[in-house]
Amino acid sequence: MRADRLVATLLFLQTRGRVTVAEVAAELEVAERTARRDLEALATAGIPVYSQRGRGGGWSLVGGARTDLTGLTADEIRALFLVAGPSSTTPELRTALRKLVRALPATLRSDAEAASRSRVADGTDWSRTAVTATEPQLDALQRAVVDGIQVRLGYAGPGKPAGERTVHPLGLASKAGVGYLVAGTDHGLRIFRLSRVTSVEATGDPVVRPDDFDLATAWHSLAARMEDRMHAATVRARAEPGAEAILQRLFGGRLRIGRPRPDEWMDIEIDGPSPEVLAAQLAGLGARVEVLDPPEARERLARLAIELATVYGTPTNTGNDPTIPAGTVPTPPSPEPRSAGSGTEG
């Protein structure tokens with residue numbers, strides 16, 4: 001839009017002091033004829049812009065006149081550019097930040113530019129799986145939230161094929177670097193993980209917002225509900241010395257470690273959505289962890305052991321592990337007798 005160009009031209013003049021038509025055209029990516037008309041329009045509008053012909057000439061602001069379009073403090077500017085670095089923003093935001101840089105006093109400009117280059121955002125996890133929606137989908141969701149328009153959302157739940165549903169976008173949230181959409185549905189407020197969004201199509205119908213809706217309050221309520229599901233079941237187990245690090249990586253704050261036992265193994269408790277899910281997650285640790293309770297988790301592990309042995313057979317010692325006799329499977333140590341009422345500390 002021409003108004004945007006005129007503001008950008010004015011800020012460019014303020015930054016450079018004196019510019020040529022060719023420089024303005026190159027900076028704003030327009031034809032030189034367009035750049036000249038914009039400069040003349042500024043002068044006609046009463047902005048103290050004048051041109052000087054001849055060698056070393058160009059366009060300048062009379063008397064070095066300046067305009068302050070920000071009103072931001074140095075700390076506010078630094079925080080803004082740290083959050084919205086150029087590598088993690090949309091083209092529109094990059095343009096806005098570029099204009100803001102030109103509006104800053106020279107003493108603050110270098111700090112702002114340095115802050116914008118000090119961080120990078122990667123939209124994939126270590127398995128190269130996207131943890132946020134692709135840019136077109138994210139842009140469409142942001143527009144729908146701001147404009148208050150319902151969307152037909154293509155969404156693939158965990159282990160399910162993608163399907164479509166109409167939702168009322170109410171806000172976007174981020175938790176530990178993962179983006180989510182908070183939306184109204186026929187079943188109430190729901191959270192949709194952005195990495196599972198497959199398509200976004202605006203319907204043109206206005207969003208219906210719940211009475212007294214507050215995004216932060218809604219998000220905390222929905223997140224608490226999700227966290228409760230992640231702590232619905234508890235497994236008691238014992239783990240060999242040295243297993244603490246991998247258990248912490250797997251379960252984080254859902255892991256509780258008690259005092260070392262006389263045999264130096266550790267009593268542990270782990271929360272999760274169900275005993276069966278926790279058993280499956282612990283299966284990969286083999287004999288380093290023995291589940292003690294509940295029975296459903298032990299039964300799940302026994303079934304997994306049978307299934308794996310059926311598929312892969314019994315491992316034999318190839319000489320690489322002297323602790324395994326040839327043709328046998330290592331036997332985990334037997335648990336100590338458990339007294340009624342024993343618990344976990346720590």
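Please read all numbers here as calculations on a predicted model, not as lab measurements.
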Pairing of D263 and R238 as salt bridge, 4.0 angstrom limit: yes
L28 side, atom CG; T34 side, atom OG1 - distance, nearest 0.5 Å: 10.0 Å
In residues 208-223, what donor-acceptor pairs under 3.5 Å come from side-chain atoms, sequence neighbours left out?
| unit_1 | atom_1 | unit_2 | atom_2 | d |
| --- | --- | --- | --- | --- |
| D214 | OD2 | A216 | N | 3.4 |
| D214 | OD2 | T217 | N | 2.9 |
| D214 | OD2 | T217 | OG1 | 2.8 |

4.5 Å side-chain heavy-atom contact, E40 and W59: yes
Test side chain to side chain contact (heavy atoms under 4.5 Å, CB included) applied to R33 - qualifying residues, sequence neighbours left out: R37
Nearest heavy-atom neighbours spanning P169 and Q150: CD-CA, 3.9 Å
Set of side chain to side chain contact (heavy atoms under 4.5 Å, CB included) partners for E23, sequence neighbours left out: F12, R16, V19, T20
Pairs satisfying side chain to side chain donor-acceptor pair (under 3.5 Å), at least one member in residues 162-178, at least two apart: K175-E227
Side chain to side chain contact (heavy atoms under 4.5 Å, CB included) partners for E201, two or more places apart: R152
Close side-chain approach of V151 to T203, heavy-atom, < 4.5 Å: no
Pair I191-L181, side chain to side chain contact (heavy atoms under 4.5 Å, CB included): steps then yes or no: CA-CA 6 Å; I191 294 174; L181 169 71; over 6 Å; no
Any pair counted as ring pair (Phe, Tyr, Trp, His ring centres under 6.0 Å), so long as it reaches residues 272-297, sequence neighbours left out: none
Only pairs under 3.5 Å count here: list side-chain donor-acceptor contacts from residues 183-190, not counting sequence neighbours, and write none if there are none.
| unit_1 | atom_1 | unit_2 | atom_2 | d |
| --- | --- | --- | --- | --- |
| T185 | OG1 | H187 | N | 3.0 |
| T185 | OG1 | G188 | N | 3.4 |
| T185 | OG1 | G188 | O | 2.7 |
| R190 | NH1 | H187 | O | 3.0 |
| R190 | NH2 | H187 | O | 3.0 |

Pair D147-V207, side chain to side chain contact (heavy atoms under 4.5 Å, CB included): steps then yes or no: CA-CA 9 Å; D147 296 340; V207 160; over 6 Å; no
Lys/Arg N to Asp/Glu carboxylate O, R261 vs D267, below 4.0 Å: yes
Heavy atoms of other groups near E307 CD, more than 12 under 6.0 Å: yes
Cluster check L250, M230: I/L/V/M/F/W/Y, side chain < 4.5 angstrom: no
L255 side, atom CG; M266 side, atom CE - distance, nearest 0.5 Å: 8.0 Å
Side chain to side chain contact (heavy atoms under 4.5 Å, CB included) involving A26 - partner list, sequence neighbours excluded: none
same_hphob_cluster(I246, V289) at 4.5 Å side-chain heavy-atom cutoff: yes
Show me the donor-acceptor pairs within less than 3.5 Å that the side chains of residues 270-281 make with the rest of the protein, sequence neighbours left out.
| unit_1 | atom_1 | unit_2 | atom_2 | d |
| --- | --- | --- | --- | --- |
| D271 | OD1 | T234 | OG1 | 2.7 |
| D271 | OD1 | R256 | NH2 | 3.2 |
| D271 | OD2 | H231 | ND1 | 3.1 |
| D271 | OD2 | R256 | NH1 | 2.7 |
| S274 | OG | V277 | N | 3.1 |

Short side-chain to backbone donor-acceptor contact, Y155 and R193, under 3.5 Å: yes
Fellow cluster residues of L308, listed by chain then number, with links counted only when side-chain atoms sit under 4.5 Å apart: V311, Y312
Working for side chain to side chain contact (heavy atoms under 4.5 Å, CB included), residues L141 and L153: CA-CA 9 Å; L141 286 173; L153 192 72; 4.0 Å; yes
E269 and R254 ion-paired at < 4.0 Å: no
Connected via hydrophobic side-chain network under 4.5 Å: I149 and V145: no
Cluster link I257 to V235, ILVMFWY, side chain under 4.5 Å: yes
Interatomic spacing from CZ in R225 to CZ in R229 - rounded to 0.5 Å: 9.5 Å
Side-chain ion pair, R303 and E299, N-O less than 4.0 Å: yes
Side chain to side chain, S51 and L39, heavy atoms closer than 4.5 Å: no
Minimum side-chain heavy-atom gap L194-L172 below 4.5 Å: yes
Results of ring-ring contact (aromatic ring centres under 6.0 Å, His included) for F251 - residues two or more places apart only: none
Selection residues 16-48 - residue pairs positive for ring pair (Phe, Tyr, Trp, His ring centres under 6.0 Å), sequence neighbours left out: none
Exam field: side chain Q137 to backbone T198, donor-acceptor pair closer than 3.5 Å: yes
Test log, rule side chain to side chain contact (heavy atoms under 4.5 Å, CB included), inputs V24 and D38: CA-CA 10 Å; V24 173; D38 288 345; over 6 Å; no
